[in-house]
Amino acid sequence: MVVASWSLAWSIPMLPYLAGAYSTSLDHAVWSLTFYLMAWALGVVPATWLYRRIGELRSFQLSIALLLLATLPDVLSNNYSLFLVGRFFQGLAAGFLTPLIRRLLIQYAPPKWQGFAADLSIVNLVLPLLAGPSLAGWIAYNWDWRAAPLLTFPVGMLALGVCSALIPARDSERHKAPFDWIGLALLALAAGSVQILLNRGEDWNWWDSQRFQGLTALGAIFSIAFFVWERHHPQPCLDLSLLRRRNFVLPIPALIFGWGLLLGGNSLFVSALITQAGYTAYLAGLVLFPMALTGVPLIAMMSRISHSIGPRILASVCFLLVALYGFSTQINRSSSLDSLLLAHLIEGAALGFYLVPLSLIMFSRLPSNRLPAAATLQNFVRILGGAYLSSIFSALWLRHGSYFRAHLAWQSPAAPLAELAQNLPEINSTEKAAVDVHLLVMQSLALSMQSMLALWGLMALLVLALLWFTKAPFRRRPGQKRRVTIEQEIVESADLIPIRKAATTTSSSVTDADTSSVHA
């Protein structure tokens with residue numbers, strides 16, 4: 001999973017580089033992120049069926065091979081369309097790997113280490129997204145941006161060789177169960193329509209465009225067809241009946257917002273540092289590194305902390321810290337590196353309280369046989385919602401930048417030029433005007449990013465309020481007195497026997513065997 005997360009993480013600080021390399025705009029460069037996330041979400045849906053149908057080892061090999069093959073356009077192609085096709089298939093491979101890696105980590109761990117393996121499955125997903133941007137920025141600054149995706153090949157080949165040697169090929173355990181391919185096709189058409197609307201909305205001038213209106217109607221038709229089909233299908237690709245549960249629905253805005261901020265929000269923040277604050281790609285990526293210093297240890301400890309503290313309280317800490325990050329962070333040309341590092345130290349701590357508490361709330365009161373379907377739906381909603389939110393954040397940032405630019409020019413159009421005339425007497429008036437326009441654009445986009453930070457703070461408080469309408473206590477079995485742990489949730493969602501239950505079953509088998517031998 002590290003190599004799949006890295007293929008996403010390296011692109012976070014690279015949006016200005018992609019815009020320059022492919023001669024496109026910064027908002028079009030965000031497509032490299034949204035295409036990956038949309039495909040990742042769609043790949044999660046048939047992933048469980050895939051490893052049951054062709055086996056765990058073959059599914060792993062196929063996914064890694066697809067990921068490596070799809071990375072070739074990142075390194076070799078100068079065509080942006082081909083680059084986006086590669087990003088789509090990289091995301092598809094990441095979707096296949098997401099539930100598979102979690103299952104493999106738990107299944108092949110010794111019984112006493114299965115709890116640690118369950119925790120590791122979360123760290124394994126998040127760590128590259130937190131620490132990867134600083135490494136990618138350093139690579140781009142010292143060599144070339146294409147060297148960052150090139151790192152995928154040695155890591156992927158190593159993972160492919162090691163796992164092929166260690167994972168047994170068990171053909172006898174393959175299941176020829178049917179899959180809802182029509183439902184998946186309708187889901188892909190509906191999700192793709194919405195993603196295109198969000199990607200191209202600014203280019204098409206939103207509702208003023210007939211293309212936008214037509215595609216909106218088409219997306220609505222596909223969405224309605226998908227919901228009708230899934231409601232009557234005996235084996236739907238997504239269990240939409242979970243959306244009738246209060247504890248599953250109410251945390252969804254918080255889940256989407258956290259993932260959208262981690263990927264889309266941080267991508268735009270790094271882009272603003274590079275294009276508006278004069279940071280290099282290395283320093284801009286380094287700004288995000290403190291998130292790994294606080295986020296990863298807290299994620300590793302969160303399963304222990306959640307044994308004694310309710311998940312709503314833990315999730316509240318997460319979004320209060322996000323609100324503090326949004327309202328206290330300042331971004332402009334005079335922002336010091338120390339202040340930005342401290343701000344992302346706070347954001348990293350917030351993300352440490354993000355995934356585990358929300359999962360405990362969403363999976364609470366569910367029987368264990370519904371957890372695999374719940375995990376699939378949760379992953380799909382989180383990842384696809386993050387893609388949509390990334391596009392929305394990008395459109396809002398650029399549109400507010402135009403608003404601030406017009407406001408600054410109307411407020412005092414001649415003042416910046418007069419200041420330049422004093423500080424740059426050796427250049428002519430045309431050059432001074434060009435520099436003045438450039439500084440005006442930079443200042444307006446910096447002000448727009450500042451407004452985005454305030455928006456993130458307000459959104460954090462809003463989704464936090466929704467969490468307190470969920471039901472408590474967060475137990476799902478009448479006979480279980482202690483709180484359900486995240487390790488137990490992860491093990492059961494991976495279609496494996498829970499640790500406690502496995503131990504009980506084993507001891508019962510031993511007792512029966514001893515009794516039989518005594519009677520004999």
message: Atom OH of residue position Tyr17 - does it have more than 12 heavy atoms of other residues, nucleotides or ligands inside 6.0 Å?
response: yes

Please test Phe88 against Tyr36 for ring-ring contact (aromatic ring centres under 6.0 Å, His included), starting from the C-alpha separation and ending with a verdict. CA-CA 5 Å; Phe88 181 88; Tyr36 188 103; 9.9 Å; no

Which is it for Trp456 and Phe327 under the ring-ring contact (aromatic ring centres under 6.0 Å, His included) test, yes or no, and what are the steps along the way? CA-CA 8 Å; Trp456 295 337; Phe327 292 135; over 10 Å; no

Smallest heavy-atom separation, Phe222 atom then Ser193 atom, equals CD1-OG, 3.8 Å

Given side chains that start at C-beta, do those of Leu355 and Met302 come closer than 4.5 Å, heavy atoms only?
no

Looking only at heavy atoms, the pair that brings Ser81 and Asn79 closest together is N-OD1, 2.9 Å

Report task. Determine whether more than 12 heavy atoms belonging to other residues, nucleotides or ligands lie under 6.0 Å from atom OH of Tyr141. Result -> no

Note to self: Looking at Phe89, I want to see if its CZ is surrounded by more than 12 non-hydrogen atoms of other residues, nucleotides or ligands under 6.0 Å.
What the structure shows: no

Q.
So Leu268 and Ser394, do their side chains get closer than 4.5 Å, heavy atoms only?
A. yes

Evaluate His344 against Phe269 for ring-ring contact (aromatic ring centres under 6.0 Å, His included), listing each step before the verdict. CA-CA 11 Å; His344 286 86; Phe269 191 91; 4.8 Å; yes

So CD of Gln107 and CG of Leu100: to nearest 0.5 Å the spacing works out to 9.5 Å

Does the side chain of Pro46 come within less than 4.5 Å of Leu184's, by heavy atoms?
-> yes

Original post:
With a 4.5 Å heavy-atom cut-off, do Phe353 and Ile299 have their side chains touching?
Top reply: no

dist Trp31:CH2 -> Leu33:CG (nearest 0.5 Å) comes out at 13.5 Å

Ala70 and Pro73 have their tightest heavy-atom pair at O-CD, 3.1 Å

- prompt: Does the side chain to side chain contact (heavy atoms under 4.5 Å, CB included) test come out yes or no for Phe289 and Leu341, once each step is laid out?
  reply: CA-CA 8 Å; Phe289 185 73; Leu341 291 173; 6.0 Å; no

- Query: Does some side-chain heavy atom of Trp145 sit less than 4.5 Å from a side-chain heavy atom of Trp10?
  - Reply: yes

Worksheet entry | Sub-4.5 Å side-chain heavy-atom contact between Met362 and Ile252 | yes

query: With a 4.5 Å heavy-atom cut-off, do Ile196 and Leu215 have their side chains touching?
result: yes

- Hey, are Gln61 and Arg58 close enough side-chain-wise for a donor-acceptor pair under 3.5 Å? no

Original post:
Does a donor on one side chain and an acceptor on the other come within less than 3.5 Å for Thr48 and Arg103?
Top reply: no

